[in-house]
Amino acid sequence: MPGMSETRQRIRAIEQTRQITRAMHLISSVKLKKAMERYEKNAFYIDWTRSIIKDILLHLGEVDHPFLKHRSGDRTAYLVIAGDKGMAGAFNANILNLALRHITQTQERFVFTVGHMASQFFNRRNIMVDVEFLHTAQNPQLFNARQIAEVFIDLYEQNLIDRVYILYTHMVSAMRQRPRVLKLLSLELSDFEDVRTEQGNFGALEYDPDPATVFETLVPQYIIGAVYATLVQSYASEQSSRMRAMDEATKNADEMIERLQQEYRRARQAAVTEEMIEVIGGTNAVRRADGRI
Amino acid sequence: MAQTYRLDIITPERQFYSGMVEELVVDSPRGKMGVLAGHVPMVAAVSIGTIDIRDSEGRRLQCFTSDGFMEIRPGEVVVMAQTVEWPEEIDERRATEARVKAEEHLRQKHSIHEYQIASASLARAMARLRVRRSVNID
């Protein structure tokens with residue numbers, strides 16, 4: 001049985017850890033609240049854009065646009081969005097394992113990462129990371145999304161890649177997240193199956209100045225919006241996972257402290273008993289020596 | 001009283017405006033374009049410039065917009081753009097700096113691509129300043 005001072009030290013150490021996990025829990029719950037606000041505002045935008053793009057795709061048989069053309073090549077760009085830090089439960093592991101499964105399927109691949117955890121993960125597995133977008137995972141802003149989107153649009157327009165996928169963590173609800181793959185380019189009607197449109201209700205749309213020009217401005221905007229949406233959702237998911245992980249850790253710490261405190265009390269009681277036995281034993285010995293017994 | 005319709009202006013970062021309006025005027029690639037109630041359903045490109053709104057109480061509002069697009073549906077218009085700002089949100093000094101920088105970039109002849117970026121950022125800066133100053137004069 002460990003000694004009293006040893007147990008006391010362990011209790012103190014766990015209390016300190018508990019303070020840290022509790023603080024992290026609080027911080028991530030505040031961050032999650034902000035992230036959820038941003039997510040909700042963005043969800044409104046992205047739903048609208050997707051529904052308009054679907055409308056246009058449905059009614060646009062004849063427009064010949066590079067973004068719409070399915071390319072038969074195998075050159076695939078992946079944008080993998082993870083966190084900068086761990087301690088978020090299975091958040092990083094889930095998305096990175098999904099990413100690994102997808103990435104290893106293609107030979108000609110380009111890997112783009114957001115978040116240190118993603119870069120480290122691929123480096124350990126000897127998968128070359130082509131571009132690492134720094135300072136994005138911790139507080140995604142629209143201009144980060146714009147930079148990333150421009151890289152992809154550029155590569156695609158120069159015909160260096162055939163398709164673009166984003167691997168991110170999708171917010172199902174505040175408490176439930178799921179790693180997911182989103183195809184960014186080329187745009188195909190089949191990728192918009194989950195989107196509802198209301199267009200059928202009021203006949204054909206007109207386009208000003210013409211469908212091709214509208215499409216030309218709409219698509220880059222959609223891509224920026226989609227990149228931003230995935231960044232925001234991943235960020236919110238990370239905060240949510242961390243909040244839960246840290247809450248769990250705090251509870252575990254409480255349990256451990258409770259157990260150690262029992263151990264401490266027992267050790268203390270044992271020490272007291274032992275001392276008493278010694279005292280009594282000592283007194284008896286003295287008495288015996290005096291010849292009173 | 002003029003007929004009104006519902007207008008929503010949204011960006012990836014926020015829901016900028018939502019309310020009943022009488023008239024909306026935006027910059028389009030072919031010039032100013034106004035939308036009144038009962039407009040034919042349409043998807044239109046919106047250029048960098050200003051959005052003028054006359055709301056259901058007859059108030060006139062003006063804001064800056066970067067490029068985007070709008071969808072006109074029966075009784076409802078949705079404008080989607082990257083950034084939309086009220087005049088009081090525009091930082092005049094930052095916009096002036098951006099203008100100077102963009103003009104400088106345009107002077108140094110770069111590739112076509114860089115030229116496009118610089119002229120777009122010049123257009124944004126000019127539009128921001130226009131919106132900002134039109135309010136100051138009032």
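Letters go in sequence order (proteins before strands), and every chain restarts at 1. For clarity, every value in this text was computed on a predicted model and none was experimentally measured. In what follows, every heavy atom counts, from backbone to side chain, and hydrogens, waters and symmetry copies are set aside.
Atom NZ of A:Lys34 is surrounded by 12 or fewer heavy atoms from other residues, nucleotides or ligands within 6.0 Å. Atom NZ of A:Lys183 sits in a crowded spot, with more than 12 heavy atoms from other residues, nucleotides or ligands closer than 6.0 Å. Within 6.0 Å of atom CZ in A:Arg71, more than 12 heavy atoms from other residues, nucleotides or ligands are found, so the atom counts as buried in its surroundings.
A:Gln221 contributes a side-chain N or O that, together with a main-chain N or O of B:Asp67, makes up a donor-acceptor pair within less than 3.5 Å.
In this structure, no portion of B:Met70 lies under 4.5 Å from any heavy atom of chain A. For chain A, the nearby part of B:Thr11 is the backbone; its heavy atoms alone come within less than 4.5 Å. B:Val43 touches chain A through backbone and side chain together, each having a heavy atom under 4.5 Å away.
Taking CD from B:Gln82 and OH from A:Tyr228, the interatomic distance works out to 10.5 Å, rounded to the nearest 0.5 Å. For the atom pair A:Thr49 OG1 and B:Ile10 CD1, the distance stands at 6.5 Å (nearest 0.5 Å). Between the OH atom of A:Tyr222 and the CZ atom of B:Phe69 there is a distance of 11.0 Å, given to the nearest 0.5 Å. With values rounded to the nearest 0.5 angstrom, B:Arg14 atom CZ is found 11.5 Å from A:Leu142 atom CG. In this structure, CE on B:Met80 lies 6.5 Å from CH2 on A:Trp48, to the nearest 0.5 angstrom.
Considering only heavy-atom pairs separated by less than 4.5 Å from chain B, the leading option among A:Lys41, A:Glu40, A:Arg146 is A:Lys41. Note: B:Gly68 leads B:Gly68, B:Ser47, B:Ser28, B:Pro29 in heavy-atom pairs under 4.5 Å with chain A.
Nearest heavy-atom pair across B:Ala45 and A:Thr217 is CB-OG1, 3.8 Å.
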